[in-house]
Protein chains: 2
Amino acid sequence: MSRASEKAYDTIREMIISGELAPGDSLGEEALAELCQVSRTPVREALRRLEAEMLIHRTDTKRTYVADWSLDDIADVFELRAMLEGHAASRAAERIDDETLSDLRACNARIGAAVQSSPPDTERFLEGNRDFHALILETAASRRLTGLLGALIEQPVIWRTAHHYGMDELRRSHQEHEELLAAFARRDPAWAQSIMAGHIRRAFHAYADAHRGLVAIDGARRNRAKRAKKA
Amino acid sequence: MSRASEKAYDTIREMIISGELAPGDSLGEEALAELCQVSRTPVREALRRLEAEMLIHRTDTKRTYVADWSLDDIADVFELRAMLEGHAASRAAERIDDETLSDLRACNARIGAAVQSSPPDTERFLEGNRDFHALILETAASRRLTGLLGALIEQPVIWRTAHHYGMDELRRSHQEHEELLAAFARRDPAWAQSIMAGHIRRAFHAYADAHRGLVAIDGARRNRAKRAKKA
DNA sequence: CTACGCAATTTTGTATACAATAGGATGCGT
DNA sequence: ACGCATCCTATTGTATACAAAATTGCGTAG
């Protein structure tokens with residue numbers, strides 16, 4: 001997308017992810033346009049994209065609100081991701097060439113380095129993780145699959161939690177990636193699929209474990225926002 | 001969506017599905033606006049939707065063309081549908097109540113009637129089939145899953161072929177639905193999933209078998225369109 | 001006091017005008 | 001004659017003005 005449109009999308013998205021806009025908040029096009037310093041036209045385009053990604057919700061009367069995510073919704077996303085990324089891993093195992101395999105190895109090596117540095121470099125971990133999964137998805141070579149997963153991986157709740165991973169979680173991820181590489185090296189689709197599905201499901205449980213704590217943090221943040229509004 | 005936006009979407013979509021716009025054709029916003037009798041604004045919205053559904057394709061330079069579907073692409077769609085609708089069936093089997101079950105039975109009874117009438121009532125079959133699958137999807141109760149499948153089932157190639165189903169294909173579909181109902185009655189998720197995945201995969205092979213013939217028909221239609229353009 | 005309905009205001013949808021950008025054509029230089 | 005640069009045209013992106021629709025609030029009647 002082009003400049004203004006992208007700007008609106010990024011701005012609104014960031015505000016939702018950061019919690020500046022809380023679930024249930026009403027989103028008027030004009031107000032958003034002013035916030036983003038663009039006109040309503042690109043705002044509308046941004047809202048359509050965000051709606052497709054289910055970050056926002058539109059009532060039958062065309063009014064838009066920040067979407068509310070229940071734990072069930074989040075479980076849904078992880079379940080679908082496990083299935084689709086598992087499928088991607090399977091297809092990748094059938095199609096991968098030696099060059100891509102070594103790229104993938106290099107990528108996971110970077111992840112390992114980020115994990116072992118002290119303190120662990122979470123940013124670099126996340127960056128490597130994104131690259132790793134993206135490369136597998138690309139190797140799976142299915143435009144539809146890429147499209148469907150795109151709608152799932154761009155999710156705020158996931159990014160909000162990733163920063164709370166502990167050292168052990170990070171190490172475990174790195175280890176699972178190594179297993180995945182072994183499966184790819186053997187060109188074993190079923191194995192790759194199993195590892196990947198497990199990898200995602202484990203991530204979900206890590207999330208769910210941390211959830212109660214996060215809810216508390218979330219509550220505090222929202223209260224803060226509420227107080228700010230009053231003033 | 002509202003009136004003009006919907007009109008543009010329907011018009012363009014219909015032209016693509018009918019083949020009036022052939023794969024690779026360039027789509028200028030202004031030209032489309034005139035065709036649809038609306039301004040460029042709703043046309044742009046329609047194009048975004050069609051892009052999300054992968055009916056059209058946008059180059060890096062923002063120019064839009066009618067998407068080209070290879071057999072691989074189509075195989076992709078069916079593969080993903082098999083996976084996702086299988087998952088939907090599994091979830092539905094866990095959640096279905098007696099009332100929905102009998103609704104589903106009634107729906108398949110209508111399908112059976114459409115198949116057994118002579119000649120088979122393909123329209124009614126397709127309508128019942130849509131309802132049947134939609135009801136299962138609804139019972140699966142996953143908004144994300146519904147969203148993802150929505151992007152897959154609204155595909156032109158599939159509707160274009162459905163009309164070519166033979167009597168035996170229709171009967172087979174009806175029979176597979178019956179098996180699905182049995183799995184639902186027993187609340188057996190794995191069974192339901194297996195039947196559904198097989199159901200979709202069989203449909204793909206029926207499509208692929210008919211494909212060569214369809215390519216010929218397609219070619220004829222395009223030639224006709226080309227001649228029409230010359231005149 | 002409540003409930004219903006109408007009107008005023010806010011909000012979204014559509015059209016059009018204007019700006020930016022990509023593609024193509026033409027002409028000049030080698 | 002071939003290639004490159006520049007200008008012109010065509011197409012897309014953005015802003016704004018206007019129209020339609022919806023919600024809210026007020027007034028009135030039961």
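Residue numbers start from 1 in every chain, and the chains themselves are labelled A, B, ... in the order their sequence lines are given, proteins ahead of strands.
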Does [N] have its OP1 or OP2 closer than 4.0 Å to a side-chain nitrogen or oxygen of [X]?
X	N	answer
B/R63	C/dG24	no
A/S39	D/dA15	yes
A/R48	C/dG13	yes
A/S2	D/dT14	yes

Under-4.0 Å salt bridge between A/E79 and B/R144: no

Ion pair check, B/E85 and B/R201, cut-off under 4.0 Å: no

Between B/T100 and B/D103, is any side-chain donor less than 3.5 angstrom from a side-chain acceptor? no

With sugar-phosphate meaning primed atoms plus P, OP1 and OP2, does [X] contact a base, only sugar-phosphate, or nothing at under 4.0 Å between heavy atoms?
X	answer
A/T61	sugar-phosphate
B/L27	sugar-phosphate
A/R44	base

Rounded interatomic separation in angstrom, taking [atom1] from [X] and [atom2] from [N]:
X	N	atom1	atom2	result
A/E34	C/dT11	CD	C1'	15 Å
A/Y9	D/dG13	OH	P	17 Å
A/E6	D/dG13	CD	P	12 Å
A/L32	D/dT14	CG	P	16 Å
A/Q37	D/dT14	CD	C1'	15 Å
A/R3	D/dG13	CZ	P	14 Å
A/R58	D/dA21	CZ	P	16 Å
A/Y65	C/dT11	OH	C1'	11 Å

Which comes earlier along DNA chain D counting from the 5' end, the contact point of B/T41 or that of B/E29, where each point is its nearest nucleotide? B/E29

Could you pick out which residue, A/D60 or A/R40, lies toward the 5' side of DNA chain D when each is mapped onto its nearest nucleotide? A/R40

Compare every heavy atom of B/A8 with every heavy atom of B/V38, then report the nearest pair and how far apart it is. CG2-CB, 4.2 Å

Grab the two heavy atoms, one from B/F184 and one from B/A192, that are nearest each other, plus how far apart they are. CE2-CB, 3.9 Å

